[in-house]
Structures are given as structure tokens and as C-alpha cells.
Amino acid sequence: MSVAKKEYKRVTVKSLVEMKANGEKISMLTAYDYTMAKIVDNAGIDVILVGDSASNVMAGHETTLPITLDQMIYHASSVVRGIDRCLVVVDLPFGSYQSDPKEALRSAIRIMKESGGHSIKLEGGKEIKESIKRILNAGIPVMGHLGLTPQSIYKFGTYTVRAKEEEEAEKLMEDALLLERLGCFALVLEKVPAKLAQKVAEALTIPVIGIGAGGGVDGQVLVTHDMLGMTHEFNPRFLRRYLDLYTEMTGAFEQYITDVKSRDFPSNKEQY
Ligand code: KIV
């Protein structure tokens, strides 16, 4: 299939808006470390998200809530050292922006100054309007995140599809329009009905990047460890696995253990 694609030497927040206007879909993946970021960037990804999903896939927590601002800065600075071309978006972690707009701005500034990331993402709409305004006023680009917002998991109780009912769908649309009006450069929509996601994407000029939000949006994001098949116990319907790294890696580790035990490794050629 031919793919509409303009060559960008560096992807900026402006490039993403331009991609939407030109009908070019936006590709986004997560990364949390230097080596992975380098591979993902070299492959030509448009956006790397240093997601607070690091709390799950890197640290093994059940939710995204425990990860700290210092830990996000550590992950983000490692990613920034690995990339040449893509835009780097960094999640503001739970507890670093919800209490008041001044704290939100301080957290966003720490991310920008200490990690070298290019923009931040936070979860929510109207409730965090003042924080978003303050961060934007400081010249920091903001990506919104609506639908399933994992930092509020204890309020929702489950990770099931959001905004299936009309009232919640209406609020989501209002929040999306608000985020655009405030000046956010893009929006992530997580786990919402495809029809609603398409309606939101059509109503906005800023790009809507979906995860479990169907094909009618302006781009897609997946957690890299999931799409590589490293996290084989996580199987949502929206996830396409491009590799089965869990099996591949297990095979490689088993072979290494066998080689060490049997004295096959190292061979004469593998020593000095
Ligand atoms: O933290 C993350 O990886 C995310 C994506 C699921 C969008 O927010």
C-alpha cells in the first residue's frame, strides 16, 4: 500500500498538525531507555512517548500511579540521548500536576530542563484546564489524553472501554474541543468506541492519536513492549503484535544457559 509521507528532518509539534492537514497518519510508540529509543527513532517513527506505562513495563507495578517525576526524568533523558529525528513527548506522572497549576508548571519545567524532552502529556480535560493554560503560557507544548486515563484507574475501577454511554461521550467531545481551544498540539484518545474517536478527530484540527480507538483517527500509538510481544500476558483486542519476543528471548536465554553449563561457551575463538 502506498503511504502519503513528507520527509521531515526533525519532527516538531507543527509537523504533526501539518501531517493531519495533509492526510498523513502519525506513528507513535513508547520508549523508556536509550537503546530502544535509538532503534525506534532510526526506524522512522514520528513520535516517541516516554509514557508513565514505564511504571508497568519497566518497574513491574500494577498501575501507573507509583512512578515519580524523578524516575520519568531519568527515562526521558535516556530516550532523548538516543534520538535524532522524532518528537519526544513525556508523561507528567500521577501526583505531579493534579494538586494545583503552579505545581503542574514546576513539574513540566523540570521535565523540559532536566530531560531535554520536547513536550509533555497529561491526563484529563476541564478539571485540569488551569494547569494546562499555565504550562502552555510558559511555552511548553502540551499533548492531552482523554478516554481511558490510567492515572484515574481507582476512580473507574476497570480498564474497559470508556465513553460508551452518551453522557460520557458528550463530556469527552467537550473536553477534546476545550483542549484544542486551550492550545494543545495533539490529543491521545485511549480505548473509546471507534465511531466516537472518528467524530472527535473530524471535529478537531489538531491530531488525535488513538490507542484502541479505531482507524478513523489521525495516528496510532502502542506500547513498544506490547507490540514486540515482550509482555505476552497482556492481550487487549486493539493490540497487534509484530514479534513474539517473549518466546524468541526465552529461547536465546535457554540456549545461553545450556552453552555455559555444557562449556560450549566460550569457544577458543571467543577468548583472548
Ligand atoms: O503511558 C503510556 O504508555 C500512554 C499510552 C498508552 C498512550 O499513555
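Computed over heavy atoms, backbone and side chain alike; hydrogens, waters and symmetry mates excluded. Every number for a ligand or one of its atoms is a count from 1 in the order of the listing.
Taking every heavy atom of His145 and a limit of under 4.0 angstrom, the matching atoms of ligand 1 come to 8 (O). Atom numbering of ligand 1 starts at 1 in the shown order; those under 4.0 Å from a heavy atom of Gly51 are 1 (O), 2 (C), 3 (O). Against a heavy-atom cut-off of under 4.0 Å, Thr30 is close to the following atoms of ligand 1: 3 (O). For ligand 1, the atoms sitting less than 4.0 Å from at least one non-hydrogen atom of Ile211 are 6 (C), numbered in the order shown with element in parentheses.
Shortest non-hydrogen contact noted between Val192 and Ala163 is CG1-CB, 4.4 Å. Between Gly147 and Leu189, the shortest heavy-atom distance links the atoms N-CD2, 4.5 Å. Among all heavy-atom pairs drawn from Pro101 and Arg134, the shortest one is O-CD, 3.5 Å.
Contact annotation for Thr64 and ligand 1: no heavy atom of the residue comes within less than 4.0 Å of the ligand.
The closest side-chain heavy-atom distance from Ser53 to Tyr32 is below 4.5 Å.
Counting protein heavy atoms only, atom 2 (C) of ligand 1 is closest to Ser53 OG, 3.3 Å. When hydrogens are left out, the protein atom nearest atom 5 (C) of ligand 1 is Leu49 CD2, 3.7 Å; that is the closest non-hydrogen contact. In terms of protein heavy-atom proximity, atom 8 (O) of ligand 1 is closest to Lys121 NZ, 2.9 Å.
Taking the centre of each ring, His225 and Phe234 stay at or above the 6.0 Å mark.
Between the side chains of Ser152 and Glu123, no donor N or O sits under 3.5 Å from an acceptor N or O. If you check the side chains of Glu24 and Tyr8, you find no donor sitting under 3.5 Å from an acceptor.
Look at Met28 and you'll find every heavy atom at least 4.0 Å from all atoms of ligand 1. In this structure, Glu123 has no heavy atom closer than 4.0 Å to ligand 1.
Between the side chain of Glu270 and the backbone N or O of Phe265 there is no donor-acceptor pair closer than 3.5 Å.
In terms of polar-atom proximity, Asp52 is counted as a contact of ligand 1, with an N or O under 3.5 Å from an N or O of the ligand. Considering backbone and side-chain atoms alike, Tyr32 places every N or O at 3.5 Å or more from each N or O of ligand 1.
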